[in-house]
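Please read the structure below before turning to the comments.
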Protein chains: 2
Amino acid sequence: MSGQETQGSAYAALMDYQRETEALAQIAGRLGWDQETTMPRGAAAQRAEEMAAIEGVLHARRTDPRMADWLAEAAAPDAVAAAQLRLIRRSYARASRVPAALAQALARLTSSAQGIWAEARANDDVAAFLPTLAEVVALKREEAACLAGDGSLYDAMIDDYEPGATAASLGAMFDAMRPRLVALKAAALDSPHQPADQQGAFGQEAQMRLSRDLAAAFGYDFTRGRLDLAVHPFSSGSGSDVRITTRVVETDPFNCLYSTIHETGHACYEQGIDPDYALTPLGQGVSMGVHESQSRIYENQIGRSRAFTGWLYERMRGVFGDFGSADADGFYATVNKLRPGFIRTEADEVQYNLHVMLRFDLERALIAGDLAVGDLEAAWNDRFRADFGLEVPRPSLGLLQDVHWSVGLFGYFPTYSLGNLYAGCLHAALRADIPDLDADLAQGQTGAATGWLREKVQRHGGLMEPRALIAQACGAEPSAEPLLDYLEAKFAGIYRL
Amino acid sequence: MSGQETQGSAYAALMDYQRETEALAQIAGRLGWDQETTMPRGAAAQRAEEMAAIEGVLHARRTDPRMADWLAEAAAPDAVAAAQLRLIRRSYARASRVPAALAQALARLTSSAQGIWAEARANDDVAAFLPTLAEVVALKREEAACLAGDGSLYDAMIDDYEPGATAASLGAMFDAMRPRLVALKAAALDSPHQPADQQGAFGQEAQMRLSRDLAAAFGYDFTRGRLDLAVHPFSSGSGSDVRITTRVVETDPFNCLYSTIHETGHACYEQGIDPDYALTPLGQGVSMGVHESQSRIYENQIGRSRAFTGWLYERMRGVFGDFGSADADGFYATVNKLRPGFIRTEADEVQYNLHVMLRFDLERALIAGDLAVGDLEAAWNDRFRADFGLEVPRPSLGLLQDVHWSVGLFGYFPTYSLGNLYAGCLHAALRADIPDLDADLAQGQTGAATGWLREKVQRHGGLMEPRALIAQACGAEPSAEPLLDYLEAKFAGIYRL
């Protein structure tokens, strides 16, 4: 064979191999879905063994010696192939630095830790969770030490979720956001023009029916997905099997409806990726920050806009009759109301990033060794008092509210705020490109907006690096300005500031 | 190390490795459950790739060169270890004979063939299914050729489901059964004393609620399992995650209720295996015939007994009120009534094995090459006319009714009748050991019966060969006599023969 043929056949062999690895990774992801939605309680221990086994298979494949040979020989015939090779090289380098036994131990521990956390949360029992959390922190630090080289452990963790981001770059982002958010929060809460609260009870079946309508209205393809109930809403899977979950609170229909729209954003990103990339490294969302940009722009900039809420108001009247909201303007204000609250996932657009900053600072200290697991609850509660002026009444409203740390997701939280920042940038560009978007949204028509996002962001999958993707989509380097400008304008209107 | 230490460490290494293989096999099984219960329709093609990928992993592990080394070195310290080695050797020998590419092609084909069959059945379109069936037959014949050595292809297939059985031994079983079943069927259908038919409609929710009660009454542990709806009732999984499905026909509550009891029998077998065997070769039902013996004795000899139906009658009156059955004796007769019918899974105890014989003869001819796939429908309909005196009106009531052939299960059907035979033997022994069993069953108490089955059969998992296990449980070599004696006595009573 000529050199070119060798290069071509090495690339083909590598991609065939990679395709099976991606299929196995999809299986592992679906086991995670099953664990959260359908797994019997008593299966937890066996499931941990199963997760360790499939992680062992994945790790062995990602570090297979043939990978090094193929990567050394393979040449990319085009830009897509070059991007595939870039991602495979990164995955191979990462996996090769982590011993197989550690990777399996982490899979086993985080699978069972999730159940232990859930039970501790249900019982408001921090002490029952901390020993497990300490184990997770220790193993994740061990893993990060394998990955970090001369860099910091926490930066190595961030890199798993947001390639190219660092604690420093994310810290700078939070520094830019914080003063204007704090000022906006204070002004809104001090305003005499407070929106009405939603009253009443809303049946589970009706909420789920409306959730299905909303997911469909945002373009979710139910023939390649499904919507179920779970304790925590999430989206799971890539390619042609992308599933979402939501939850129902009878007194708060917006919890369910906007969780659904949020997860629909994540799922439509996966469903919108070029089908040619299916079961390849390019065939999934490029980073958690970009992923969150899609879920947040669906949920907030589109779903909580005055125009779209006008349509939703009429849909809710169709389902629930007169549900105690006087008119569409009042409904819009209610949907966007700032409330004192303990739970990140229920926070409004203004306060949400303050919840994330708290976690960012605490987990950074935890991983750096500056904060002990045993001191975490006190640190959480102190910080919450300082930032929100509230005493955390019980740990399920504080430290125990999020699943993330139990499953080892350190460095993940800040990508939520990065996603908000990206959503702000994308929204500004979208509005510039489609000035009359509100006319569509007022009819419940999201196609122009979601089509723009699919074209600019979603279809590319992992083709570009995250920040470069957003910059290209927006025609400008990402910054916090568009998000903050949008928030100030929106809430000045609602609160008559 | 001494020779003994080497042997011990080889055994330990082998079992560690095997444990991961078994965990991965559980994952593959759960994917199958997912495909039948929750998978989105549009995910079928990707799922076929996923199934091929995990099958590739399993095949590679089962044929790993280290397996040969460990098996050569390992010595069994006790009878349990000896049984583990025996099963591992069998699995290794089987897997080593089948090329990896063929194993993966089969997994891919049968995963997608299942959806093609389901659609063909829904549309009563045999032509849409036959090309796929021809592919499945061809690949299964290719696989069997790798396994058969000098033996017949069909015997090699049987061996996958019922080690030790052959077409000859199963044919002899059917020859022993057929005359007495045919005579009993004719006598019952000719009797002037026909049981009443069940009339009315029974809501899905109430049927499912009662199903849950029945599963629990038979000892199913819901903390290690779950009950869902599916097109075809089945049981899936081993160890601490054993799931069952049932179906609901509003006009026929017994379809749902007895499907549930049947699958509960399968599931209780898996749940009843010694937990020390979990994720080892011993940790699952030893053969399909023994599996079916448990499902059938739960469903029929216990669940359709006069004593138990007396309790069920009262439970149904509690749930449905007066549901049109005059008294417990009439209810017992209705539940056991022989009806002309096309569907195997809905057949009564007398006619069921005649349905199996039809499939046994047809699939044997198909695999031997004596019957072409294109002639299968005509052959089915001719045989059905001969055996049941009925014209098959559409293929969903004939050739297309069962999923088995689409997923490559040739040699599987006869194990259903073997299971009935074993159930007959076990039932005779059970009644001899616990003469006053009916007093319990009349109270809905199955514990004495299911406890006996757990002790004699279930807890042993794969420790003994299937026929030896039944012989030991019953204290006699298995034969068709106890089943036929039981059927003749039971239906003589109902039909006053």
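A, B, ... follow the sequence lines: proteins, then strands. Residue 1 opens every chain.
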| query | In residues 48-59 of chain B, which residues are in contact with chain A at a heavy-atom separation under 4.5 Å? | reply | B:Glu49, B:Glu50, B:Ala53, B:Ile54, B:Val57
| Looking only at heavy atoms, which of residues 22-37 of chain B get nearer than 4.5 Å to chain A? | B:Ala23, B:Leu24, B:Gln26, B:Ile27, B:Arg30, B:Leu31, B:Trp33, B:Asp34, B:Thr37
| In this structure, are over 12 heavy atoms from other groups packed under 6.0 Å from B:Glu250 atom CD? | yes
| remark: Pair count under 4.5 Å, heavy atoms only, with chain A: among B:Thr21, B:Thr223, B:Asp221, B:Leu279, highest is B:Thr223
| Top of A:Gln46, A:Arg224, A:Arg41 for chain B proximity - count of heavy-atom pairs under 4.5 angstrom | A:Gln46
| message | Looking at every non-hydrogen atom in both residues, tell me the closest pair between A:Ala43 and B:Ser240 and how far apart they are. | response | CB-O, 3.2 Å
| Backbone N or O of A:Thr38 within a donor-acceptor pair of the B:Arg226 side chain at under 3.5 Å? | yes
| task | May I ask you to test the A:Arg243-B:Pro40 pair for a side-chain heavy-atom distance under 4.5 Å? | result | yes
| query | How would you list, by chain and number, every residue that makes a side chain to side chain donor-acceptor pair (under 3.5 Å) with B:Asp64, sequence neighbours excluded? | reply | B:Tyr17, B:Arg66
| Which residues share a ring-ring contact (aromatic ring centres under 6.0 Å, His included) with A:Tyr220, sequence neighbours left out | A:Phe222
| query | Passes side chain to side chain contact (heavy atoms under 4.5 Å, CB included), B:Gln104 versus A:Glu20? Steps please. | reply | CA-CA 11 Å; B:Gln104 285 200 268; A:Glu20 283 196 13; 3.2 Å; yes
